[in-house]
Number of protein chains: 2
Amino acid sequence: MADADEWPTGRLLSTAARIVEQAWTERLAQLGLTHAGLIALHLLQEGPAGQTDLARAARVQLQTMARTLERLERLGHVTRQRDTVDARRVLVAATEAGTAAFAAARAVEADVFPPVEDPESLRNALLQIVQPRVATTD
Amino acid sequence: MADADEWPTGRLLSTAARIVEQAWTERLAQLGLTHAGLIALHLLQEGPAGQTDLARAARVQLQTMARTLERLERLGHVTRQRDTVDARRVLVAATEAGTAAFAAARAVEADVFPPVEDPESLRNALLQIVQPRVATTD
DNA sequence: CCTCATCGCTCAGCCTGCTGAGTACCAGGT
DNA sequence: ACCTGGTACTCAGCAGGCTGAGCGATGAGG
């Protein structure tokens with residue numbers, strides 16, 4: 001039972017995710033980034049956005065995204081300012097430093113993910129888990 | 001880019017893991033258990049063990065496992081007591097309540113994992129990510 | 001028998017998820 | 001003009017990952 005191949009698939013999935021995330025974390029730390037911050041920065045490459053939009057796109061709660069953005073702001077990777085036309089919104093934009101950090105991270109993206117036999121079918125299976133949520137969340 | 005099928009595989013993996021974990025969390029909360037606690041309880045079905053052993057079997061850090069066990073103890077699912085022959089070790093054992101809770105959780109295990117086309121090939125891919133770690137960690 | 005490296009564990013602290021509760025703002029209906 | 005509902009966000013708090021530092025117990029070597 002202590003052997004991984006006896007584990008239920010859900011546990012296997014979480015563990016695999018942690019392992020991959022961990023590998024990323026080590027690389028990103030050197031760039032002053034985190035796993036979560038990278039996603040936000042990625043989304044911001046298409047232009048400024050509100051926190052709620054970013055949270056929805058990243059599939060996390062608004063509160064989680066807000067905290068991540070707060071960190072990114074503290075580190076100078078993004079700016080956050082109240083929207084002038086709708087004072088409820090906070091407009092988030094990547095700074096030059098943020099964009100540069102993202103580009104650097106992007107460059108090492110490929111060699112972090114461990115090799116698997118059939119990457120396409122793995123992606124496919126994962127999409128079957130993730131996709132349904134998109135429909136019900138919208 | 002906001003669409004999941006554009007995402008890098010690593011991000012897909014983390015997101016899928018979170019979704020599945022979340023589904024579990026909802027069910028487990030009703031049994032007074034958590035995702036992490038369930039794993040510990042599972043491992044303890046084979047008898048009492050030290051915290052380091054449990055951590056290694058669950059592929060988490062000792063500190064993480066210790067905190068999880070502390071919670072389980074607080075809730076009455078396990079007991080923790082100093083080993084009499086090696087006073088460094090803490091022997092952890094499942095209580096009756098813990099074993100009962102585990103059995104209840106086990107029963108709903110199957111219907112939580114979302115359906116995918118080819119579960120076996122997904123397991124296989126995940127094992128390719130998880131397994132290498134076992135060899136290098138031992 | 002004593003010393004010292006190693007082992008098992010605790011404490012402190014950070015980041016990412018989540019929930020629940022509360023605040024400020026916008027917009028629509030009366 | 002005024003509620004009223006919904007939207008965007010903040011604050012507080014919990015659980016689970018991780019790292020780094022420190023401490024007592026063990027056990028092997030001199």
Side-chain angles (χ1 to χ4, degrees), chain A residues 11 13-30 32-40 48-56 58-75 77 80-92 133, chain B residues 10-11 14-29 32-40 48-75 77 80-92 133:
Chain A
R11 198 176 306 172
L13 181 58
S14 299
T15 305
R18 250 191 309 118
I19 288 172
V20 173
E21 233 168 73
Q22 204 58 23
W24 257 110
T25 298
E26 285 167 22
R27 304 297 196 93
L28 291 178
Q30 298 159 3
L33 282 180
T34 63
H35 181 75
L38 183 68
I39 297 174
Q51 301 189 150
T52 299
D53 303 326
L54 292 170
R56 202 172 36 217
R59 268 82 171 170
V60 296
Q61 293 307 118
L62 166 62
Q63 296 93 318
T64 299
M65 179 54 74
R67 191 145 34 85
T68 298
L69 293 170
E70 206 175 289
R71 257 198 108 255
L72 284 174
E73 184 183 35
R74 217 182 334 156
L75 298 173
H77 291 310
R80 295 198 304 161
Q81 40 193 3
R82 220 83 214 184
D83 188 344
T84 48
V85 303
D86 183 344
R88 288 171 304 179
R89 287 166 64 89
V90 172
L91 272 185
V92 187
R133 289 291 153 141
Chain B
R11 198 175 306 172
S14 299
T15 305
R18 250 192 310 119
I19 288 172
V20 173
E21 235 168 71
Q22 203 59 23
W24 257 110
T25 298
E26 286 167 23
R27 303 298 197 92
L28 292 178
L33 283 181
T34 63
H35 181 76
L38 183 68
I39 297 174
Q51 301 190 151
T52 299
D53 303 326
L54 292 170
R56 202 172 37 218
R59 268 81 170 169
V60 297
Q61 292 307 117
L62 166 63
Q63 296 92 320
T64 299
M65 179 54 74
R67 191 144 35 84
T68 298
L69 293 170
E70 205 175 289
R71 258 199 107 255
L72 284 173
E73 184 183 36
R74 217 182 334 157
L75 298 173
H77 291 309
R80 296 197 304 161
Q81 41 193 2
R82 221 82 214 184
D83 188 344
T84 48
V85 303
D86 183 343
R88 289 171 302 180
R89 288 166 62 89
V90 172
L91 272 186
V92 186
R133 290 290 154 140

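In the text below, chain A, chain B and the rest are named by the order of the sequence lines, each starting its count at 1.
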- Task: Would you check, one step at a time, whether the test side chain to side chain contact (heavy atoms under 4.5 Å, CB included) holds for B:L54 with B:V92?
- Result: CA-CA 9 Å; B:L54 292 170; B:V92 186; 4.2 Å; yes
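- Expressed to the nearest 0.5 Å, how far CD of B:E21 lies from OG1 of B:T34 amounts to 10.0 Å.
- Across all non-hydrogen atoms, the minimal contact from A:R80 to A:E70 is NH2-CG, 3.8 Å.
- Here CG of B:L33 is found 11.5 Å from CD1 of B:I39. Values are rounded to the nearest 0.5 Å.
- Along DNA chain D, read 5' to 3', the first and last nucleotides having any atom under 4.0 Å from a heavy atom of chain B are D:dA15 to D:dT26.
- Between the CG atom in A:L62 and the CZ atom in A:R67 there is a gap of 11.0 Å [rounded to 0.5 Å].
- Protein chain A contacts DNA chain C from C:dC15 to C:dC26, reading 5' to 3' and using non-hydrogen atoms of the protein with a distance under 4.0 Å.
- Residues B:R89 and B:G50 share a closest heavy-atom pair of NH2-N, 3.7 Å.
- Residue whose closest nucleotide on DNA chain C sits further toward the 5' end, between A:A36 and B:D53: B:D53.
- In this structure, B:R56 CZ and B:R59 CZ are separated by 10.0 Å, a value rounded to the nearest 0.5 Å.
- Residue A:D83 is out of contact with every strand shown, counting any heavy-atom pair closer than 4.0 Å.
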- Task: Kindly indicate, with the supporting measurements, whether the criterion side chain to side chain contact (heavy atoms under 4.5 Å, CB included) is fulfilled by B:L28 and B:T25.
- Result: CA-CA 5 Å; B:L28 292 178; B:T25 298; 5.8 Å; no
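- Taking CD of A:Q22 as the reference point, atom NE2 of A:H35 lies at 10.5 Å (rounded to 0.5 Å).
- In this structure, B:T68 OG1 and B:Q51 CD are separated by 10.0 Å, a value rounded to the nearest 0.5 Å.
- Of the residues in residues 61-69 of chain A, those placing a heavy atom less than 4.0 Å from an atom of DNA chain D are A:L62, A:Q63, A:A66, in numerical order.
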